[in-house]
Engineer: 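One structure follows; several queries about it will come next.
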Amino acid sequence: MSVLYTIYLTSMHSLLRKKLEEAILKLNYQLEPQIEVEIPKNESFGDLSSPVAMELTKTLKKPPRTIADEILSVIDREFFEDISIAGPGFINFKFKKEFLFNQLKELLEKEEKFFITDIGRSRKVQIEFVSANPTGPLHLGHGRGAAIGSALSNILREAGYEVTTEYYINDAGKQIEILGLSVYLALQRIWGKEVEFPEECYKGEYIKEIAQELYESYGDSIKGRSYEELGDLIIDFSYRKIINEIKKDLEDFGVTFDSWVSERKLYHTGEVQRAIIKLKELGFVYEKDGALWFCSTSFGDDKDRVVLKSDGTYTYFASDIAYHKNKIERGFDELINIWGADHHGYIPRVKAAVQALGFKASQIKILLVQMVNLLREGKPFQMSKRAGTFVTLRELIDEIGADTTRFIFLTRRQDSHLEFDVEVAKKQSQENPVFYVQYAHARINSIFEKAGHVSYVFNGELFNEEEMRLIKKVLQYPMIFELAVNFREPHRITFYLQELASLFHSYYHKHRVLSDDEKLSQTRLSLCRAIMIVLRHGLRMLGVKAPHKM
RNA sequence: GCCCCCUUAGCUCAGUAGGAUAGAGCACAGGUUUCCUAAACCUGGUGUCGCAGGUUCGAUUCCUGCAGGGGGCACCA
């Protein structure tokens, strides 16, 4: 524990935060929960800066520059070459080279262990994502959710959270019935009957395939039987087949789940019923018009919601309540649900249910992933599951590749629309930023191959201006990582990696790493090694390969 | 009709838990290879941060209204 603590404090931004905290305490000023530290927009301002004096001005009723002066008069300057006040009251810090070199040395020794933090403090977090109905293959929208969920789970796990990933299978209710009926109709066509597919039925190619397989498995033994007779068999067969396909797709996409929870099971074990009884006991459920209602308005929802319909069947919401009760009982400290943005109207009632069951509102986070707009050569392309015109995740994996697809999905903030041009992604041209980052990694590896045996010993005096800039960029990574963790935003890492790769490529062209000068070569190789470690870690967080050759 | 999200360079998007001169990629034009991988690099330039008010020492960021785009409104899932 103390080791982790030390590491945490020695990363550039944590150290600065600590020093500012000490200074503010010395001045007997009230400490803010988290002192703000940022990377200055302009590098001439310094390595890091803090607007803390401007923040304090509100409570202290003193001009920010005066407060900044006071902080400067007491702060421990051991690690700083220069501290200055600028603009309206920013305090800018420039680190001593010696400190930066020690950081670099530590990074080279510890490699990825250098990034260990204990932000998570072993808190148990459950991340539920994808959770698509098992009524057809995953499409690219699910892919985006999968990429984000999986990257986020990597990131949180790395930050010391105890993460469980889960897929909730909506295998009860009407959709699954429609699946069964659709396959049955397709089966009838195989038998040579002319049948019409009703509007609500699934018509994709995969329905025909399932029917075909069913036919091959059971042959004539089921021929001509009614849906009443075959329904259960067909549903079971189709469902298992689709779930297996989904698992396969996700696996090939690099996404794994720690557990899969079935909605049907929640009914069979009586959990749905028990959840409603529990809410009733707590006084949050009442009867009206022959139905049972959950008073979600008590927790800020627009209207109360039906959980048990007057016809005696449960609503989808009822099983969702049961599912969240189930999650809560498993002892998680925090629940993260990743949903498609089209479900946003559903948030208040689920949050209400979770609170009724004793959870704090802050313990459940629902991250909305915006829609993916599909383009083909710049033109919008409409998808419809029912009509069978959609791009599946499988197609993207096969034609574009899992790495590229994942990376593209992670180049946007999750609540921002994503334009995905299939043709452009296939081109594997400059428009695919993933290659840019991977290439930097492969390039560095190639230098090492050329260099042969290398020990990462450097002489800091030999670093030039570009190299110092790169060292600082590398050392910023723990801060970027922490932001990605705290904001639950994987895309911050994606952007950072592109910036780092860009700096490296530029450096590579300007300076040769390997030369006759042994010391200089070793020094530059050390820096390359550090860049490589960061690239590899970042890519691993995103779930993207760091290739040795391209 | 009500609710949620979005609106930043020609295009696609970062940034903003109120702060310094608002950034990147692509596209476009030109250039770089006897040299560790040219999937690269260098040089070119743009902004009423949708509009209008408000709060503030300070607003692209917060609040209100409006406009445009998307999504959601059920005893459907």
Engineer: Starting from C1' on B:rG19, measure out to CG on A:N92 and report it in whole angstrom.
Structural biologist: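 Roughly 12 Å, once rounded to whole Å.
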
Engineer: How does RNA chain B look in dot-bracket form if you count Watson-Crick and G-U pairs under 3.5 Å, write [ ] for pairs that cross, and put | where a base pairs with another strand?
Structural biologist: (((((((..((((.....[...)))).(((((.......))))).....(((((..]....))))))))))))....

Engineer: To the nearest angstrom, how far is A:W339 atom CH2 from B:rG71 atom C1'?
Structural biologist: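 My rounded result for the distance is 15 Å.
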
Engineer: Distance criterion of 3.5 Å, no angle test: do you see the side chain of A:N42 paired donor-to-acceptor with the base of B:rA22?
Structural biologist: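 By the distance-only test, no, there is no pair.
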
Engineer: Do the side-chain N or O atoms of A:R443 get closer than 4.0 angstrom to the phosphate oxygens (OP1, OP2) of B:rA38?
Structural biologist: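 Yes, because at least one side-chain N or O of A:R443 sits under 4.0 Å from OP1 or OP2 of B:rA38.
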
Engineer: Before accepting this row, confirm whether a basic side-chain N of the pair A:E466/A:K510 lies closer than 4.0 Å to the acidic partner's carboxylate O.
Structural biologist: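 A:K510 and A:E466: salt-bridged.
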
Engineer: Starting at atom NE2 of A:H505, determine the distance to atom P of B:rA24, rounded to an integer number of angstrom.
Structural biologist: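 Distance check: A:H505 NE2 to B:rA24 P gives 17 Å.
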
Engineer: Closer than 4.0 Å, any side-chain N/O of A:K309 to the OP1 or OP2 of B:rA77?
Structural biologist: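 Checking B:rA77 against A:K309, a side-chain N or O does come within under 4.0 Å of OP1 or OP2.
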
Engineer: Would you say A:H491 places a side-chain N or O within less than 4.0 Å of OP1 or OP2 belonging to B:rG15?
Structural biologist: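 So the side chain of A:H491 is within the cut-off, an N or O lying under 4.0 Å from OP1 or OP2 of B:rG15.
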
Engineer: How far does the P atom of B:rA17 sit from the matching atom of B:rG70, given to the nearest Å?
Structural biologist: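 These two P atoms come out 30 Å apart once rounded.
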
Engineer: With a 4.0 Å cutoff (strictly under), does any side-chain N or O of A:K303 reach OP1 or OP2 of B:rA74?
Structural biologist: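 Result: yes.
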
Engineer: Say we look at B:rG54 and B:rA59: how far apart would their C1' atoms be, to the nearest angstrom?
Structural biologist: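 About 11 Å, rounded to a whole number of Å.
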
Engineer: Expressed as a whole number of Å, how far does the C1' atom of B:rG71 sit from that of B:rA24?
Structural biologist: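 About 29 Å, rounded to a whole number of Å.
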
Engineer: List the steps, then state whether salt bridge (charged side-chain N to carboxylate O under 4.0 Å, His left out) holds for A:R469 with A:E465.
Structural biologist: CA-CA 6 Å; A:R469 192 175 293 134; A:E465 200 184 324; 3.4 Å; yes

Engineer: Could you check whether A:A318 gets within reach of a base, just the sugar-phosphate, or nothing at all, counting any heavy atom under 4.0 Å?
Structural biologist: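 If one applies the 4.0 Å heavy-atom cut-off, A:A318 turns out to touch nothing in the nucleic acid.
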
Engineer: Specify the separation, in whole Å, of atom CZ of A:F435 and atom C1' of B:rA39.
Structural biologist: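 So the CZ-C1' distance, A:F435 to B:rA39, works out to 8 Å.
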
Engineer: Does A:K327 come within less than 4.0 Å of A:E128, counting only side-chain N to carboxylate O?
Structural biologist: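 So A:K327 pairs with A:E128 through a salt bridge.
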
Engineer: In whole Å, what separates the C1' atom of B:rG15 from that of B:rU33?
Structural biologist: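 The same atom, C1', in both gives a distance of 37 Å.
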
Engineer: Is there a donor and acceptor pair closer than 3.5 Å between the side chain of A:T315 and the base of B:rC75?
Structural biologist: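 When only heavy-atom distances are counted, A:T315 does not reach the base of B:rC75 through any donor-acceptor pair under 3.5 Å.
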
Engineer: Please report the distance, rounded to the nearest Å, between CD in A:E55 and P in B:rC57.
Structural biologist: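 My rounded result for the distance is 15 Å.
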
Engineer: If the cut-off is 4.0 Å, is A:K41 near the phosphate of B:rA20, judged by side-chain N/O to OP1 or OP2?
Structural biologist: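 It does, given that an N or O in the side chain of A:K41 lies less than 4.0 Å from OP1 or OP2 of B:rA20.
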
Engineer: Pick the P atom in B:rA40 and in B:rU46, then give their distance to the nearest Å.
Structural biologist: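 26 Å, rounded to whole Å.
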
Engineer: Planes under 30° and centres closer than 5.5 Å, is that true for A:F45 with the base of B:rA20?
Structural biologist: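 Stacked: centres under 5.5 Å apart, planes under 30°.
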
Engineer: Below 4.0 angstrom from OP1 or OP2 of B:rG15, is there any side-chain N or O of A:R413?
Structural biologist: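 Indeed, a polar side-chain atom of A:R413 lies that close.
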
Engineer: In whole angstrom, what separates A:Q175's CD from B:rA77's P?
Structural biologist: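 Whole-Å distance recorded here is 8 Å.
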
Engineer: Rounded to whole angstrom units, what separation is found between the NZ atom of A:K61 and the C1' atom of B:rC57?
Structural biologist: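 In whole Å, B:rC57 C1' lies 13 Å from A:K61 NZ.
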
Engineer: If you measure from the ring centre of A:F90 to the centre of the six-membered ring in the base of B:rA20, is it under 5.5 Å, with the planes under 30° apart?
Structural biologist: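 Stacking is present between B:rA20 and A:F90, given that their ring centres fall under 5.5 Å apart and the planes under 30°.
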
Engineer: What I want to find out is whether A:E334 reaches A:K365 closely enough, with some N-O distance under 4.0 Å, to be called a salt bridge.
Structural biologist: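 Result for this pair is yes, salt bridge flagged.
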
Engineer: Are A:R492 and A:F487 in a cation-pi contact, defined as NZ or CZ under 6.0 Å from the six-membered ring centre and within 45° of the axis?
Structural biologist: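 Yes, a cation-pi geometry.
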
Engineer: Which residue lies toward the 5' end of RNA chain B, A:G87 or A:D304, if each is placed at its nearest nucleotide?
Structural biologist: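 Its nearest nucleotide lies further toward 5', so the answer is A:G87.
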
Engineer: Which of parallel (below 30°), tilted (30 to 60°) and perpendicular (above 60°) describes A:F93 and A:F80?
Structural biologist: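 Correct class here is tilted.
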
Engineer: So, does A:S506 get its side chain near the phosphate of B:rC42, meaning an N or O under 4.0 Å from OP1 or OP2?
Structural biologist: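 So the side chain of A:S506 is within the cut-off, an N or O lying under 4.0 Å from OP1 or OP2 of B:rC42.
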
Engineer: Looking only at N and O atoms, is any donor in the side chain of A:S502 or the base of B:rA24 less than 3.5 Å from an acceptor on the other one?
Structural biologist: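 Looking at the base of B:rA24, it does not pair with any donor or acceptor on the side chain of A:S502 (distance under 3.5 Å).
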
Engineer: Can you tell me how far CE of A:M12 sits from CZ of A:F95, rounded to the nearest 0.5 angstrom?
Structural biologist: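 It is 5.5 Å, given to the nearest 0.5 Å.
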
Engineer: Regarding A:R349 and the six-membered ring of A:F294, is the cationic atom NZ or CZ under 6.0 Å from the ring centre and inside 45° of its axis?
Structural biologist: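 Geometry flag: not set, cation outside 6.0 Å or 45°.
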
Engineer: Grab the CD-P distance between A:Q370 and B:rG72 for me, whole Å please.
Structural biologist: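 Whole-Å distance recorded here is 10 Å.
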
Engineer: Measure distances between side-chain N and O atoms of A:H344 and base N and O atoms of B:rG71, and say whether any donor-acceptor pair falls under 3.5 Å.
Structural biologist: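 Answer is yes: a donor-acceptor pair is held.
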
Engineer: Looking at A:Y316, does any N or O in its side chain come under 4.0 Å of the phosphate oxygens OP1/OP2 on B:rA77?
Structural biologist: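 The answer is no; no side-chain N or O of A:Y316 sits under 4.0 Å from OP1 or OP2.
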
Engineer: Give a yes/no answer on whether the side chain of A:Y436 brings an N or O atom under 4.0 Å of OP1 or OP2 in B:rC41.
Structural biologist: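 For B:rC41, OP1 or OP2 has a side-chain N or O of A:Y436 closer than 4.0 Å.
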
Engineer: Tell me, please, whether A:Y239 has A:R264 positioned over its six-membered ring: NZ or CZ under 6.0 Å from the ring centre and within 45 degrees of its axis?
Structural biologist: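 Ring-cation test returns yes.
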
